[in-house]
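Below is one structure, written out as structure tokens; comments come after it.
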Amino acid sequence: MKSHNFGLTTSLLHADTYRTPHGETSEAIFLTSGFVYDSAEQAAATFMGEENHFQYSRFGNPTTDALQDRLARLEGAEACIVTSTGMGAISSALLAHAKSGDRVVASRALFGSCHWIIATLLPRYGIETVFVDVHDEAGWEEALSVPTSAVLIETPSNPMLDIIDVRKIADLSHRAGALLMVDNVFASPIGQKPLSLGADVVLYSCTKHIDGQGRVLGGAILGKADWIKDVVQPFTRNTGNSLSPFNAWVLLKGLETLPLRDRAMASNAAMVADFLAGHKAIRKLHYPGRADHPAASLIRQQMSHGGSLIAFELRGDQEKAFRFMNALKLITISNNLGDSRSLITHPASTTHMRVPAEERARLGITEAVLRLSIGLEESEDLIADLAQALEEMDH
Ligand SMILES: *Cc1c(COP(=O)(O)O)cnc(C)c1O
């Protein structure tokens with residue numbers, strides 16, 4: 001069904017559906033590595049690009065193609081390539097685009113593995129990399145005052161939920177000749193549309209909200225059709241960064257309920273954030289959906305909801321933070337996020353343990369900071385669990 005006039009949720013259920021002659025309701029999974037040809041001539045014509053026929057699942061597969069079409073539609077992007085993981089998407093986008101002698105600028109507040117790619121991997125290939133603090137306006141101007149190939153930002157950032165002005169960084173990036181790439185995982189495709197704010201490329205870990213049910217890993221690169229086809233596709237095809245058709249199918253099922261889940265999780269998170277912000281055991285809370293977020297007015301312009309992640313600092317130390325986590329009965333300890341189950345993590349000892357202590361301090365990740373990913377449980381149950389654990393931690 002090809003219609004561009006459907007609402008978002010309808011499109012994610014019906015648009016671009018490819019059915020086999022069996023007329024299945026749910027998309028078929030094409031769990032096949034290769035494809036057969038009617039004749040040697042057809043095979044030759046396919047390899048010449050004269051005939052539109054699948055060749056090999058590393059190059060393309062009906063199930064992964066269906067996911068790419070739906071993700072592109074969801075994002076409002078011209079094209080999409082899906083990858084084996086979120087890190088596969090981010091590393092391929094950067095390595096496909098930048099070459100030796102180029103310069104890449106990145107926000108300092110990045111997901112741990114992204115930080116490693118910028119700080120360690122790219123310089124190995126002769127790519128100069130520069131980190132800038134999220135709030136350092138002069139630093140961004142200076143870093144982007146010379147020709148640059150790509151800029152990578154994450155907003156809201158992990159784990160402190162700092163916000164970057166996408167439009168402003170897009171303008172600076174374009175003046176420096178760079179593509180602006182946005183890791184949009186924390187906002188989710190429902191909460192923020194970076195392309196509409198001037199970004200050139202949007203990157204996802206589909207492992208998070210898009211699956212949202214803790215089952216599979218996956219990633220996506222979205223951008224202009226020419227860039228995807230000429231720059232990214234040769235890289236992902238030839239380096240083998242492809243998504244399993246099975247995982248693509250699971251992610252297609254995830255997309256069907258994404259708008260519903262995402263809004264429900266954000267509305268739950270807003271209620272939980274209000275409860276925690278008013279509690280005497282909490283020193284500081286960071287939630288993009290609250291009026292007391294330092295970037296509240298910018299958030300209203302570039303995000304459609306506050307998201308499902310909350311960061312907060314307890315009054316106390318690591319021991320107290322651990323006691324609190326261990327006292328939770330419903331919310332479970334896991335470093336994943338965007339899941340239908342609420343999950344909590346202690347960034348300083350897990351996701352950010354490899355970030356040097358002084359860098360952590362600079363990002364505000366103290367020993368008493370916790371990151372909470374809110375799921376689909378009833379908000380009353382989540383609040384009751386948090387309340388009893390805050391009580392218990394002092395005993
Ligand atoms: C999880 C995550 C990634 C990496 O995704 P994987 O699917 O785990 O490889 C990248 N960026 C952010 C912000 C993430 O949360």
Side-chain angles (χ1 to χ4, degrees), residues 64 67 71 75 80-95 106-119 121-122 134 150-164 166 181-192 194 199 201-222 236 239-244 246-248 250-251 254-255 258 262 265 269 286 288 303 307-311 334-339 341 343-347 350-355 363 365 371-375:
T64 55
L67 177 63
L71 283 171
E75 199 63 43
C80 172
I81 281 191
V82 291
T83 56
S84 57
T85 65
M87 286 321 304
I90 293 161
S91 61
S92 283
L94 287 166
L95 287 167
S107 161
R108 195 177 294 281
L110 286 183
F111 185 73
S113 295
C114 298
H115 199 275
W116 181 84
I117 286 174
I118 303 287
L121 184 68
L122 296 186
V134 171
V151 176
L152 176 67
I153 62 171
E154 185 185 318
T155 180
S157 70
N158 177 29
M160 301 310 287
L161 306 166
D162 285 314
I163 306 294
I164 298 178
V166 178
M181 305 186 177
V182 178
D183 178 341
N184 202 40
V185 168
F186 268 51
S188 91
I190 307 298
Q192 181 169 266
V201 176
V202 180
L203 303 163
Y204 285 107
S205 164
C206 300
T207 317
K208 311 297 165 53
H209 301 82
I210 294 173
D211 173 24
Q213 291 149 87
R215 303 167 293 191
V216 300
L217 303 178
I221 305 171
L222 296 117
T236 52
T239 59
N241 184 7
S242 41
L243 183 69
S244 152
F246 179 79
N247 288 6
V250 173
L251 293 169
L255 280 185
L258 176 68
D262 196 68
M265 281 157 64
H286 309 253
M303 294 177 73
S308 52
L309 287 131
I310 302 169
S334 171
N335 48 279
N336 197 9
L337 62 97
D339 197 273
R341 292 166 186 78
L343 306 171
I344 195 161
T345 194
H346 180 254
T350 61
T351 54
H352 289 68
M353 71 164 274
R354 282 183 216 289
V355 177
L363 296 169
I365 310 170
R371 187 192 78 195
L372 182 56
S373 173
I374 293 296

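First listed ligand is number 1; within each ligand, the first listed atom is number 1.
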Any S205 side-chain heavy atom under 4.5 Å of T85 side chain: no
Shortest protein contact, atom 13 (C) of ligand 1 (heavy atom only): D183 OD2, 3.4 Å
Residue, atom name and distance, where the atom is the protein heavy atom closest to atom 9 (O) of ligand 1: M87 N, 2.8 Å
Proximal atoms of ligand 1 relative to L337 (non-hydrogen, under 4.0 Å): 15 (O)
Note, M265 side chain near H209 side chain (heavy atom, < 4.5 Å): yes
Proximal atoms of ligand 1 relative to I90 (non-hydrogen, under 4.0 Å): 10 (C)
Protein contact to atom 3 (C) of ligand 1 [nearest heavy atom, distance to 0.1 Å]: F111 CE2, 3.4 Å
L217 contact mode with ligand 1 (heavy-atom cut-off under 4.0 Å): neither
Part of N158 with heavy atoms under 4.0 Å of ligand 1, whether side chain, backbone, both or neither: neither
Pairwise distance CG(N336) to CG(L217) - rounded to 0.5 angstrom: 8.5 Å
Min side-chain heavy-atom separation C80-I221 under 4.5 Å: no
Where ligand 1 meets G86 - atom numbers and elements under 4.0 angstrom, heavy-atom basis: 5 (O), 6 (P), 7 (O), 9 (O)
Side chains of T351 and N335, donor plus acceptor under 3.5 Å: no
Atoms of ligand 1, numbered as shown, that sit under 4.0 Å from any heavy atom of F186: 13 (C), 15 (O)
Protein contact to atom 15 (O) of ligand 1 [nearest heavy atom, distance to 0.1 Å]: K208 NZ, 2.8 Å
Straight-line distance of L251 CG to D211 CG, nearest 0.5 Å: 5.5 Å
Validation row: T155, Q192 side chains within 4.5 angstrom (heavy atoms): yes
Heavy-atom side-chain proximity of E75 to P194 below 4.5 angstrom: yes
Any N/O pair E154/ligand 1 closer than 3.5 Å: no
